[in-house]
Amino acid sequence: MDKTTLILHVDSPDAPEIKTVAEILKNGGTAAIPTETVYGLAANALSAEAAAKIFVAKGRPADNPLIVHISHISQLGDIVSEIPETAVKLAESFWPGPLTIILPKQPHIPEIVTAGLDTVAVRMPSHPIAHALIEQAGIPLAAPSANRSGRPSPTSWRHCVEDLDGRVDAILCADDSDIGVESTVITLATPVPKVLRPGGITVEQLRSVLGEVEVDSAVLNELAPDAVAASPGMKYKHYAPKASVIIVDADTNAYIDFVNSKADEGAFALCFEEDVPHINIPCVVCGTAEDESTYAHALFTALRELDEKGAVTAYARKPSSDGVGLAVYNRLLRAAAFNIIKP
Ligand code: TXA
Ligand code: MG
């Protein structure tokens with residue numbers, strides 16, 4: 001693919017460049033856009049032809065469905081065929097924000113968007129530029145994360161340029177994504193609501209609104225080779241830098257001793273800020289142990305940085321699995337192909 005990609009920088013929802021990108025999307029084009037979770041690769045969700053371009057630009061397997069992004073609750077009824085009370089409660093509590101809700105789809109949502117499933121994933125982002133863009137385009141936007149398939153999700157416009165320059169019509173560049181991991185995906189198409197992918201809204205928050213919420217076993221466990229994934233995205237090797245990542249399940253002192261014993265092997269430490277003064281191998285910092293949201297914010301940039309520095313092996317601190325830590329752990333497990341050691 002070799003398109004001319006328009007690279008536009010914006011710092012406010014009033015910027016005229018947003019209109020330019022809205023026109024591109026209305027006319028069936030593709031654009032990378034900022035959201036509060038990660039950057040997305042958007043196209044008209046109501047056009048099979050436009051949505052098909054997303055799969056080509058990303059190199060995404062056709063059996064992995066897309067999330068449809070809206071800017072107003074009034075758009076929901078045109079996309080899903082049922083709006084249960086649970087969906088109303090979730091939307092009131094967490095939209096706009098990092099929550100994706102799966103419900104039975106309306107027949108006119110193109111099959112390519114839902115990868116042939118009879119359900120559709122919907123999210124209302126809170127990022128002011130994403131919101132303005134959806135408003136101005138006047139159509140719901142299908143958008144997966146704006147990385148090439150298999151690469152870490154993009155949390156900066158620079159990552160979008162690395163992965164998609166020449167492959168999309170435009171890249172709308174704004175600040176780094178605030179949250180840093182993708183939205184929580186919850187399905188309401190099961191008897192009990194079930195989290196298929198942890199993200200910016202925590203399981204604890206969902207339970208406080210809905211009561212009973214299950215967590216799909218694929219969140220923290222490797223799928224058996226013959227298993228059918230509830231969320232097709234879970235079955236792919238994801239978020240993987242070229243370096244082989246190994247998760248180290250240890251307290252601070254044991255982690256530091258362990259990585260220091262690897263000094264001869266050219267390994268990197270994917271560690272917390274406060275660990276750095278005690279470590280004598282190269283470090284890539286991933287937030288602080290004090291606050292799991294800092295690990296989420298830094299994770300995908302850190303995974304890309306390992307590649308830039310030519311890391312062959314990286315030993316990562318195991319995140320806590322509370323709050324947004326569960327999302328970090330879920331992504332890290334996939335980046336590490338479930339490789340965990342306890343020194
Ligand atoms: O934060 C986010 O969700 C970002 C931003 C751009 O909004 N988007 C994102 O999209 O992460 P993507 O395509 O990278 O991840 C969507 C996930 C995939 O794991 C996919 O399999 C799942 O949602 N999904 C989408 N529709 C589904 C459906 N109908 N049933 C089950 N899983 C679905
Ligand atoms: Mg993705």
Side-chain angles (χ1 to χ4, degrees), residues 31-43 45 51 54-55 57-71 79-81 94-106 109-127 129-131 133-134 140-155 159-160 163-164 172 177-190 194-201 216 218-219 223 228-240 296 300 324 327 330-331 334-335:
I33 66 165
T35 89
E36 72 278 19
T37 55
V38 300
Y39 275 70
L41 198 182
I54 293 176
F55 288 85
K58 273 187 69 105
R60 184 180 178 97
D63 66 352
N64 196 1
L66 307 175
I67 296 173
V68 177
H69 295 69
I70 59 175
S71 57
I79 297 168
V80 306
S81 61
F94 304 117
W95 278 0
L99 181 70
T100 295
I101 302 174
I102 294 177
L103 285 165
K105 80 178 194 80
Q106 286 282 12
I109 301 300
E111 243 179 59
I112 186 167
V113 170
T114 61
L117 299 173
D118 50 17
T119 54
V120 61
V122 188
R123 167 163 121 78
M124 187 193 294
S126 64
H127 195 293
I129 291 170
H131 178 85
L133 179 70
I134 302 168
L141 298 178
S145 48
N147 50 292
R148 292 290 293 274
S149 267
R151 298 262 294 150
S153 295
T155 53
H159 303 156
C160 299
D163 281 19
L164 297 176
L172 193 57
S177 300
D178 215 16
I179 297 173
V181 291
E182 304 88 339
S183 63
T184 302
V185 177
I186 188 168
T187 179
L188 299 178
T190 45
K194 191 187 246 188
V195 171
L196 303 183
R197 179 178 73 180
I201 299 293
D216 194 82
V219 165
L223 269 177
V228 176
S231 179
M234 287 288 188
K235 71 175 185 247
Y236 295 105
K237 186 173 180 199
H238 250 67
Y239 315 114
F300 289 137
V324 77
N330 168 271
R331 308 308 188 268
R334 281 158 180 82

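Residue numbers run from 1 in the order of the sequence given. Numbering of ligands and ligand atoms starts at 1, following listing order.
Residue Arg197 holds the heavy atom nearest to atom 15 (O) of ligand 1 of all those in Arg123, Arg197, Glu182.
With a 4.0 Å cut-off on non-hydrogen atoms, Arg60 touches ligand 1 through its side chain and not its backbone. Within the 4.0 Å heavy-atom criterion, both parts of Ser183, backbone and side chain, lie near ligand 1.
Of all atoms in ligand 1, listed by their number and element, those nearer than 4.0 Å to a heavy atom of Gly40 are 6 (C). Taking every heavy atom of Leu117 and a limit of under 4.0 angstrom, the matching atoms of ligand 1 come to 28 (C), 29 (N), 30 (N). Ligand 1 places these atoms under 4.0 Å from at least one heavy atom of Ser145: 8 (N), 9 (C), 10 (O), 12 (P), 14 (O). Interface atoms of ligand 1 facing Ile67, defined by a heavy-atom separation under 4.0 Å, are 3 (O), 8 (N), 9 (C), 10 (O), 16 (C).
With sequence neighbours left out, the side chain to side chain contact (heavy atoms under 4.5 Å, CB included) criterion links Glu111 to no other residue. Considering only residues two or more places apart in sequence or on other chains, Phe94 meets the ring pair (Phe, Tyr, Trp, His ring centres under 6.0 Å) condition with none of them.
Under a 4.0 angstrom heavy-atom cut-off, Pro98 registers as lying outside contact with ligand 1. Heavy atoms of Asn64 come nearer than 4.0 angstrom to ligand 1 in at least one pair.
When only modelled atom types and interatomic distance are considered, Ser153 and Arg331 share no side-chain donor-acceptor pair under 3.5 Å.
Interatomic distance, CD1 of Ile109 versus CD1 of Ile79, reported as 5.5 Å (0.5 Å rounding). With rounding to the nearest 0.5 angstrom, the NE2 atom of His127 is 12.0 Å from the NE2 atom of His69.
The Mg ion (ligand 2) lies under 2.8 Å from an N, O or S atom belonging to Ser145.
The pair Asp216-Lys194 counts as a salt bridge, with a side-chain nitrogen and a carboxylate oxygen less than 4.0 angstrom apart.
Between the side chain of Thr100 and the main chain of Ser183, no donor-acceptor pair closer than 3.5 Å is present.
Considering backbone and side-chain N/O of Thr37, one or more are found under 3.5 Å from N/O of ligand 1.
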